[in-house]
Amino acid sequence: MGEEVPEYLLNNLDENLPVDYNSKSTGCRTSTTFGDKLYVVEGSGRGDESWINVKIFDKLTRSWINPTVLGMKPVELKGHSAVLLNNDRILIIKRDALLDDSILFLEVDTPFVREQKKVLGTEVVAWTKGAIGNAPKPIVISGPSGVGKGTLINKLMKEFPSTYGFSVSHTTRAPREKELDGVHYHFTERSIMEKDIRDGKFLEFASVHGNLYGTSIEAVEVVTDSLKRCILDIDVQGARSVRASSLDAIFIFICPPSFEELEKRLRERGTETEEAIQKRLRNARAELDEAKSPGLFDHLLVNDELEACYENLKKLISLDEKANALYQPTMKNLNVRVSHVELKTDKKILIHCDGNGIAAATPSLFTLDVSPLKGGAPGRTRGLTVYPHELLGDGVNEIKKL
Ligand SMILES: Nc1nc2c(ncn2[C@@H]2O[C@H](COP(=O)(O)OP(=O)(O)O)[C@@H](O)[C@H]2O)c(=O)[nH]1
Ligand SMILES: Nc1ncnc2c1ncn2[C@@H]1O[C@H](COP(=O)(O)OP(=O)(O)O)[C@@H](O)[C@H]1O
C-alpha cells in the first residue's frame, strides 16, 4: 500500500529542485510514491480557473516528467485524497463532490498503461472513473455488411427498450437518407476523429470499406451507466480490439445463409452505389474467414429466416444473462457530499459525508470496498461497493488518516 508523502517532504523537493515544477499555489495537491517515482496530482476547482495536473518526480534521476495523460480526467478537484492500490493505480477520492462522482483512479502501471507506454514511447498515466456495482456485460455484434445486424439490433431495442442501449459509433462516412447524427452514428470529420483517437477517447477504431469507424469510450459507458446492456455493432477488426481491451463482453458474429443472399439483401436495401456494393462483398469474404479465428467470437449465428434468427439471438443473450448475474448496484444516487476520508484496510476506505441539507437519518459515514475491481482504462473501473458504515467494533480509532 503506497503512502502519501507528507507535504513538507514535497515542499523540500520543490526547494531542492529548481526544475520546471511551477505548482500553482491555490490548488490542492497529493503525492504518492510508486517504486522510484512520486506521482503528484494537483488541481483546483474554482469555476473557470479549474485545472488538474499530473506530474511525476523520478527519484533516481531527480527530475520531473510530464506524462501523457489518457482517459477522462476529472472536471475539477476542490480537494482530494490519494492512495496507491493494487500496486498499479492510485485511488483518488474527490472532496466536496457527490459520493457517486467522487471516486477516480489514476492508473500508473496497469496492463493498459504499460501497453500505451510501449506504443507512445513516453511515461503514461490514465484516468478512469470509479463506478459502484457491476456492469451488465456489453454485447458485440459483427458480421458482413447487409447480413442483417442493424435489423436484429433494432428488433431487440424495440422489444426491450429499458434493457438494451445502442453504442453510437463515430464514422467519417456520409449519412444515408434517414440516418440521424447522434442516433445512428456521430458523423464526423476525419481530422477531428483522428485527434480524438490520439487523445485516447476511443475504445477501438478501424478503417472499414474506406471510412474510419470507432467506438468512443463514452459511447459504451454512457449506456452502461444508465444500467442498460450496451450493444456494439462493429466490424471484425473492432471486435478483435475490444477482445484485447479490459471490456468484458460477449461476441456474436452474424453469418449470411449464402453469398448470393447477402448480395441480394445489400442490393435490395438500396443504400449503396454499385461500387460500394462490390467493395462490401469483397470485404465480406475476408470477414467471414476472420470470424472463424479461434477465441474471437463466442457464437456464430446464421441469419436465414429473420424471426428464427432473432429468437436464437435472444436465447443466446438470456443464457448469458443467467450465467452472469446482471447489475447488482449497492448504493447509488446518494445525495451526500464527501467531506473527508480515512483508510481502514488496504481494501476498505471510510468516507465521511455531509448530507446536502437532507434528513439527519441519512447515513453520513460509508465504507468503500475496492476489493473486486473490474475493468479499468480505457473505460470505467467498476465493481466498487459502498455501504453505510457500522461503527460497532470497527476500531475507528485505529484508522490511519489519509
Ligand atoms: N470497428 C468498428 N466498426 C464499426 C463501427 N461502427 C460500425 N462499424 C462497422 O462498419 C461497417 C459498415 O457499417 P455501415 O457503414 O453502417 O454499413 P452497413 O454495415 O452496410 O450497414 C459494419 O461492419 C459495422 O459493423 C465502430 O464503431 N467500430
Ligand atoms: N433474415 C433476413 N431475410 C431477408 N432480409 C433480411 C433479413 N435480415 C435483414 N434483412 C434485410 O437485409 C437488408 C440489410 O440488413 P441490415 O440490417 O441493414 O444489415 P447490416 O446492418 O448487417 O448491414 C435490409 O434491407 C434488411 O431489411
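Bear in mind that the values here come from a model prediction, so they are computed numbers and not experimental data. All ligand and atom numbering here is 1-based and tracks the order in the structure. Computation of the quantities below employed the complete heavy-atom set of this structure, encompassing side-chain atoms and omitting hydrogens, waters and symmetry-equivalent molecules.
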If you draw a 6.0 Å radius around CZ in Phe253, do more than 12 non-hydrogen atoms from other residues or ligands fall strictly inside? yes
For Ala219, does its backbone N or O pair with a side-chain atom of Ser216 as donor and acceptor, under 3.5 Å? yes
Considering only protein heavy atoms, which is closest to atom 19 (O) of ligand 2, and at what distance to one decimal place? Gly148 N, 3.1 Å
Heavy-atom distance under 4.5 Å between the side chains of Leu316 and Leu301, does that happen here? yes
Examine Glu305 against ligand 2 and note whether any of their N/O atoms are separated by less than 3.5 Å. no
Does this structure show an ion pair linking Glu321 with Lys137, if we count only N-O contacts that are shorter than 4.0 Å? no
More than 12 heavy atoms from other groups under 6.0 Å of NZ on Lys201: no
Among protein heavy atoms, which sits nearest to atom 21 (O) of ligand 2, and what does the distance come to when rounded to 0.1 Å? Gly150 N, 2.9 Å
What I want to know is whether Glu272 and ligand 1 share at least one N or O pair that is separated by under 3.5 angstrom. no
For atom 1 (N) of ligand 2, the option (of Asn303, Leu152, Leu262) bearing the nearest heavy atom: Asn303
When you look for heavy atoms under 4.0 Å from ligand 2, do you find them on the side chain of Ile254, its backbone, both, or neither? neither
Carboxylate-amine/guanidinium contact Arg114 Asp109, below 4.0 Å: yes
Please work out which of Arg269, Arg265, Glu307 has its closest non-hydrogen atom nearest to atom 3 (N) of ligand 2. Arg265
N-O pairing of Lys155 and Glu311 below 4.0 Å: no
Pick whichever of Asp235, Ile234, Ile141, Ile277 has a heavy atom sitting closest to atom 26 (C) of ligand 1. Ile234
Parallel, tilted or perpendicular: ring planes of His186 versus His170, cut at 30 and 60 degrees: tilted
Glu76 bridged to Lys94 by N-O distance under 4.0 Å: no
Ignoring hydrogens, just give me the one of Gly214, Ser145, Ala219, Ser241 whose non-hydrogen atom is nearest atom 19 (O) of ligand 1. Ser145
With the threshold set at 4.0 Å, does a side-chain nitrogen-carboxylate oxygen contact exist between Arg285 and Asp289? no
So if I count the atoms of ligand 1 from 1 in the order they appear, which ones are less than 4.0 Å from some heavy atom of Ala206? 1 (N)
Within the 4.0 Å heavy-atom shell around Pro144, which atoms of ligand 2 are there? 22 (O)
How far is atom 12 (C) of ligand 1 from its nearest protein heavy atom, and which residue and atom is that? Tyr213 OH, 3.6 Å
Closest non-hydrogen protein atom to atom 14 (C) of ligand 2, residue and atom name please, with distance? Gly146 O, 3.5 Å
Atoms in ligand 2 flagged as close to Asp304, the criterion being non-hydrogen separation under 4.0 Å: 1 (N), 2 (C), 3 (N)
For Ser145, the ligand 2 atoms with a heavy-atom partner under 4.0 Å come out as 23 (O)
From the options Arg265, Gln237, Lys149, select the one whose nearest heavy atom is closest to atom 22 (C) of ligand 1. Lys149
Side chain, backbone, both or neither: the part of Cys309 lying under 4.0 Å from ligand 2 by heavy atom: neither
Lys129 and Asp101 ion-paired at < 4.0 Å: yes
Judging by distance only, is a nitrogen or oxygen of Arg269 under 3.5 angstrom from one on ligand 1? yes
Atom pair CD1/CD1 of Ile250 and Ile231 - distance to nearest 0.5 Å: 10.5 Å
Hey, what do you get for CZ (Phe57) to OG (Ser31), rounding to the nearest 0.5 Å? 11.0 Å
Are any of the N/O atoms in Ser169 less than 3.5 Å from those in ligand 1? yes
Just need the protein heavy atom nearest to atom 11 (C) of ligand 1, so name the residue and atom and give the distance. Val208 CG1, 3.7 Å
Give me the residue, atom name and distance of the protein heavy atom closest to atom 17 (O) of ligand 2. Thr151 OG1, 2.5 Å
Quick one: does Glu287 get an N or O within less than 3.5 Å of an N or O on ligand 1? no
List ligand 1 atoms under 4.0 Å from Gly238, heavy atoms only on the residue side. 1 (N)
Protein heavy-atom partner closest to atom 18 (P) of ligand 1 - residue, atom, separation in Å: Arg280 NH1, 3.4 Å
Whether Arg382 and Asp225 form a salt bridge (side-chain N of Lys/Arg under 4.0 Å from carboxylate O of Asp/Glu) is what I want to check. yes
Arg176 contact mode with ligand 1 (heavy-atom cut-off under 4.0 Å): side chain
min-distance protein heavy atom vs atom 24 (C) of ligand 1 -> Asp233 OD1, 3.5 Å
Pairing of Glu42 and Lys55 as salt bridge, 4.0 angstrom limit: no
What residue and atom, counting heavy atoms only, is the protein's closest point to atom 14 (P) of ligand 1, and at what distance? Tyr185 OH, 3.4 Å
Which residue supplies the protein heavy atom nearest to atom 28 (N) of ligand 1, what is that atom called, and how far is it? Glu204 OE2, 2.7 Å
Could you tell me whether Asp354 and Arg337 have a side-chain N and a carboxylate O separated by less than 4.0 Å? no
